[in-house]
Number of protein chains: 2
Amino acid sequence: MLTDEYRYKILKLVQEKPDISQRELAKALGVSLGKTNFCLKALVEVGLLKVSNFRNSKNKLAYMYVLTPKGIEHKATVTINFLKHKIKEYEQLAHEIAELRNEVTDDLQE
Amino acid sequence: MLTDEYRYKILKLVQEKPDISQRELAKALGVSLGKTNFCLKALVEVGLLKVSNFRNSKNKLAYMYVLTPKGIEHKATVTINFLKHKIKEYEQLAHEIAELRNEVTDDLQE
DNA sequence: CATCATGCGTTCAAATAGTGAACGCAGTTT
DNA sequence: AAACTGCGTTCACTATTTGAACGCATGATG
């Protein structure tokens with residue numbers, strides 16, 4: 001399933017290292033190869049990524065994943081949304097942590 | 001799947017409201033009734049929760065979910081671990097947000 | 001040149017996880 | 001007593017994820 005999180009993370013990783021392999025990507029994302037392959041194809045499908053074959057001595061047959069103009073634009077948008085989301089998450093965490101601290105002391109008193 | 005997150009959240013919700021229904025729990029957790037039922041049973045299975053029937057006028061046949069001594073102790077531990085985890089997450093978020101801010105400005109320049 | 005070893009993307013059967021409609025039960029209401 | 005409501009339980013179905021296995025292309029080895 002291609003969630004916003006993966007959309008963002010993949011676009012970022014690909015932009016940083018266009019010759020990244022699907023296996024590297026999978027490891028970086030913490031998901032399986034199959035899922036990574038699925039997500040990449042989905043991104044190509046909707047035109048955010050473009051693949052171009054290339055060869056090099058270390059990676060026998062590999063692709064370059066290139067962000068399309070649409071992909072770059074989308075990444076900016078997605079990044080901003082992600083940022084907003086993260087900031088909200090951050091604030092929520094502050095509350096949660098305070099709450100947890102209370103619970104910890106509560107629990108110890110029981 | 002009963003992850004630490006659900007273990008913690010369920011113990012917390014149950015402690016706060018022992019006569020909570022599985023449907024309420026499901027809604028609070030944001031998962032299905034089936035999954036909630038599964039998680040509750042798992043917690044009873046490992047001895048963290050105890051069920052005791054009770055009736056009341058509003059809830060026809062309902063259970064009380066009671067944290068066992070083991071459950072209370074476990075909750076303390078789990079809460080502390082969760083707290084540690086959240087604090088780490090919090091710190092990581094601070095970095096991520098800073099990074100995202102840079103990306104946003106980077107993206108705008110491209 | 002021929003063989004092997006390595007690393008790539010791809011596939012897909014199997015495993016795992018998650019859903020929610022439907023059921024029987026027991027009180028409450030009409 | 002019949003209808004209604006809310007409870008936990010079940011489970012067939014769907015969705016999601018995994019990773020071993022494959023074919024292919026290159027580099028290395030004899």
Side-chain angles (χ1 to χ4, degrees), chain A residues 1-68 71, chain B residues 1-68 71 78 82:
Chain A
M1 199 195 202
L2 179 51
T3 60
D4 274 354
E5 182 183 351
Y6 289 117
R7 219 189 312 277
Y8 159 69
K9 286 185 177 174
I10 290 175
L11 289 179
K12 181 183 174 193
L13 287 165
V14 162
Q15 202 170 39
E16 287 172 2
K17 187 173 187 301
D19 62 330
I20 194 170
S21 76
Q22 295 188 5
R23 283 171 176 82
E24 288 177 290
L25 214 36
K27 185 169 284 185
L29 295 171
V31 299
S32 70
L33 178 59
K35 182 174 178 179
T36 301
N37 182 267
F38 175 83
C39 289
L40 274 175
K41 285 190 171 172
L43 288 174
V44 171
E45 185 70 28
V46 297
L48 299 185
L49 280 186
K50 216 181 52 176
V51 285
S52 65
N53 288 63
F54 89 109
R55 311 267 189 280
N56 78 29
S57 51
K58 307 215 47 141
N59 311 322
K60 319 308 169 182
L61 165 60
Y63 288 158
M64 292 280 285
Y65 297 98
V66 186
L67 271 73
T68 62
Chain B
M1 200 196 200
L2 179 50
T3 60
D4 273 355
E5 184 183 351
Y6 289 115
R7 219 189 311 277
Y8 159 70
K9 286 185 177 174
I10 290 176
L11 289 180
K12 182 183 174 192
L13 288 165
V14 163
Q15 202 170 40
E16 285 171 3
K17 186 172 187 303
D19 62 331
I20 193 171
S21 75
Q22 295 188 6
R23 283 173 175 80
E24 288 177 289
L25 214 36
K27 185 169 281 185
L29 294 171
V31 300
S32 70
L33 177 59
K35 181 174 178 178
T36 300
N37 182 267
F38 176 83
C39 289
L40 274 175
K41 285 190 172 172
L43 288 175
V44 171
E45 185 70 29
V46 297
L48 298 185
L49 279 186
K50 215 180 54 175
V51 285
S52 65
N53 287 64
F54 90 109
R55 312 266 189 282
N56 80 26
S57 53
K58 309 217 44 145
N59 311 323
K60 319 308 168 183
L61 165 61
Y63 289 157
M64 293 280 286
Y65 297 98
V66 186
L67 270 72
T68 63
V78 135
F82 211 66

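Each chain gets a letter, A, B and so on, in the order its sequence line appears, and its residues count up from 1. These values consider heavy atoms only, across backbone and side chains, with no hydrogens, waters or symmetry-generated copies.
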Using a cut-off of less than 4.0 Å, is there contact between a side-chain N or O of Gln22(B) and OP1 or OP2 of dT9(D)? yes
Please table the atom pairs, donor to acceptor, closer than 3.5 Å between any side-chain atom in residues 32-51 of chain B and protein atoms at least two apart or in another chain.
residue: Ser32(B); atom: OG; partner: Lys35(B); partner atom: N; Å: 3.2
residue: Thr36(B); atom: OG1; partner: Ser32(B); partner atom: O; Å: 2.9
residue: Asn37(B); atom: ND2; partner: Gln22(B); partner atom: OE1; Å: 2.9

Nearest-Å distance for atom pair CE/P, residues Met64(B) and dG8(D): 12 Å
Given dT16(D), dC8(C), dG8(D), the nucleotide with the shortest approach to the side chain of Tyr63(B): dG8(D)
For DNA chain D, determine which residues of residues 29-42 of chain A have any heavy atom closer than 4.0 angstrom to one of its atoms, and list them numerically. Val31(A), Ser32(A), Gly34(A), Lys35(A)
Whole Å only: how far is the CD atom of Glu24(A) from the C1' atom of dC8(C)? 11 Å
Interface polar pairs with nucleotides 23-25 of chain C, N/O, under 3.5 angstrom:
none

Here the distance between atom P of dG8(D) and atom CG of Asp19(B), to the nearest Å, is 10 Å
Atom pair NZ/CD1 of Lys12(A) and Ile10(A) - distance to nearest 0.5 Å: 13.0 Å
Once you round it to whole Å, what is the distance between P of dT19(C) and NZ of Lys27(B)? 14 Å
What is the distance, to the nearest angstrom, from the CG atom on Leu2(B) to the C1' atom on dG18(C)? 14 Å
Would you tell me if any nitrogen or oxygen in the side chain of Tyr65(B) comes within less than 4.0 Å of OP1 or OP2 on dG8(D)? yes
Look up atom CE in Met64(B) and atom NZ in Lys17(B), then write down how far apart they are to the nearest 0.5 Å. 9.5 Å
